[in-house]
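Read the structure below first, then the notes.
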Amino acid sequence: MSGVRDAVASRTPPRTGGWREGDPAGDRLFLDLDGPVRLERGGVLPGVRVAYETWGALAPDGANAVLVEHALTGDSHVTGPAGPGHPTPGWWASLVGPGAPLDTDRFFVVCANVLGGCQGTTGPSSAAPDGRPWGGRFPEVTVGDQVRVEAALADALGVRRWAAVVGGSMGGMRVLEWAVALPDRVAGLFFLASGAAVTADQLGTQTTQQAAVRADPGTGLGIARRIAHLTYRSALELEERFGTTVQDDGRFAVASYLEHHADKLVARFDPGSYVVLTEAMNTWDVGRSRGGVEAALARVTARAVVAGVDSDRLYPLELQQRVADALGVPLHVVSSPYGHDGFLIEADAVGALVRGLLGT
Ligand SMILES: CC(=O)SCCNC(=O)CCNC(=O)[C@H](O)C(C)(C)COP(=O)(O)OP(=O)(O)OC[C@H]1O[C@@H](n2cnc3c(N)ncnc32)[C@H](O)[C@@H]1OP(=O)(O)O
Ligand SMILES: N[C@@H](CCO)C(=O)O
């Protein structure tokens, strides 16, 4: 991966501002890597572009930067309204801003769309060298590849060491990978509602979702989202909200709710990215080639805050407990009826934990 670092060395983007690609209402910035990215599983990606956003100002010593890592269908837009390049409003909107847990009066907050994604960073919907979209030809990427591309962005921004890397769910995987692969570049970490390695349960649901997309990318993505969304919420919440109610249109209320979320995802997300990113999650194991999870986590030098959601059935608390134990820190439990999505919804509780890490 030194190729990526070499590639960006000659193309340092400005620290604030930058060119905008057909994005009048947006503030996305773009970094183009000059050289190919050599991938962990053997593929090669030429012409990688990274879309990112920043809030606040980088201190002259570069020590006040915080990297926020988004989840599966998220993007760089942590805060702010929806707009071109931002199909949804900021997904952790209240966590970022002046005086907020990620206090932009003090910190330079960065979030990049993940490698393999579809909101500006190179992914299956991007053009391959032949000018056509990569589609199914897009090579397999890993969480390690995603983090190495983010390291190239850090280099280009002038961030040698993050004050913190924070994220939940799939974002939490990149948090751990950063702290293990590049421990001298991570001073603090916030690991939320995630795991150190994929579980059989996650593999089961993710491969089933992939099968739906592969069978028919259009309707399949919607079915995948319905399956996934069930795993993001708790059975109790669904029972209390919807029960067995049948709507006037004849649909079960819970089915209508899932269809609504499916339709919204189909309108904003690329089926190819969905497969590529869930495959990166399928192969996630921070202990790979490192002697196992505990041996890998022993490399971490960052100050760590580890948290989970008590009703999360997809990333149950045992997964965060394992990480907390390996790092020698307490596990913080966010109490929520919303299941895995509690990591997005319980912004006050999550924000308090971020404040604890950053002293904001
Ligand atoms: C880092 C990242 O993860 S970024 C990605 C995060 N964003 C997403 O995942 C987008 C998808 N949205 C979600 O998953 C959730 O809405 C969250 C987690 C963001 C927020 O959760 P909540 O506030 O609990 O919203 P909830 O799940 O109840 O959904 C509300 C929607 O369901 C709709 N809804 C509720 N009941 C029904 C029903 N019976 N039939 C149809 N639609 C229904 C509401 O009208 C509302 O629609 P809208 O969002 O278009 O306004
Ligand atoms: N709602 C989240 C759940 C996955 O963590 C997403 O779509 O990214």
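Index from 1, following the sequence. Counting starts at 1 for both ligands and their atoms, following the listed order.
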| note | Applying side chain to side chain donor-acceptor pair (under 3.5 Å) to Thr121 and not counting sequence neighbours gives none
| field | Ligand-side contact atoms (ligand 2) for residue partner Phe343, heavy atom cut-off under 4.0 Å | value | 5 (O)
| note | among protein heavy atoms, the one nearest atom 1 (N) of ligand 2 is Asp341 OD1, 3.4 Å
| For Arg290, side chain to side chain donor-acceptor pair (under 3.5 Å) partners two or more places apart | Glu177
| task | Indicate the atoms forming the closest heavy-atom contact of Ser311 with Tyr338, along with that distance. | result | OG-N, 3.7 Å
| query | Any non-hydrogen atom of Leu344 lying under 4.0 Å from ligand 2? | reply | yes
| request: Classify the angle between the aromatic ring planes of His261 and His229 as parallel (below 30°), tilted (30 to 60°) or perpendicular (above 60°). | output: parallel
| message | Below a 4.0 angstrom heavy-atom separation, can you tell me which part of His70, side chain or backbone, both or neither, approaches ligand 2? | response | neither
| field | More than 12 heavy atoms from other groups under 6.0 Å of CZ on Phe252 | value | no
| said: Return the closest protein heavy atom for atom 5 (O) of ligand 2 as residue, atom name and distance. | reply: Ser169 OG, 2.6 Å
| task | Run the salt-bridge test on Asp325 and Arg322 with the 4.0 Å N-O cut-off and return the result as yes or no. | result | no
| message | I'd like to check the side chain to side chain donor-acceptor pair (under 3.5 Å) partners of His332; sequence neighbours left out, ordered by chain and number. | response | none
| Could you give the distance from CZ (Arg174) to OG (Ser169), rounded to the nearest 0.5 Å? | 9.5 Å
| message | According to a hydrophobic-cluster definition based on side-chain heavy atoms being under 4.5 Å apart (Ile, Leu, Val, Met, Phe, Trp, Tyr only), do Val175 and Leu314 belong together? | response | yes
| field | ligand 2 contacted by His229 (non-hydrogen, < 4.0 Å) | value | no
| message | If we set the cut-off at 4.0 Å for heavy atoms, which region of Arg225 has an atom near ligand 2: side chain, backbone, both, or neither? | response | side chain
| field | Protein heavy-atom partner closest to atom 7 (O) of ligand 2 - residue, atom, separation in Å | value | Thr73 OG1, 2.5 Å
| query | What atoms of ligand 2 come closer than 4.0 angstrom to any heavy atom of Leu72? | reply | 8 (O)
| Using a threshold of 4.0 angstrom between heavy atoms of the protein and any atom of ligand 1, which residues qualify? | Ala71, Thr73, Gly74, Trp91, Arg225, His229, Arg233, Arg241, Phe242, Gln247, Ala253, Ser256, Tyr257, His260, His261, Lys264, Arg268, Asp341, Phe343, Leu344, Ile345
| message | Does this structure show an ion pair linking Asp75 with Arg268, if we count only N-O contacts that are shorter than 4.0 Å? | response | no
| request: Give the atoms of ligand 2, by number and element, whose distance to some non-hydrogen atom of Ala71 is under 4.0 Å. | output: 5 (O), 8 (O)
| remark: Note: Leu102 and Val68 closest approach over all heavy atoms is CD1-CG2, 3.9 Å
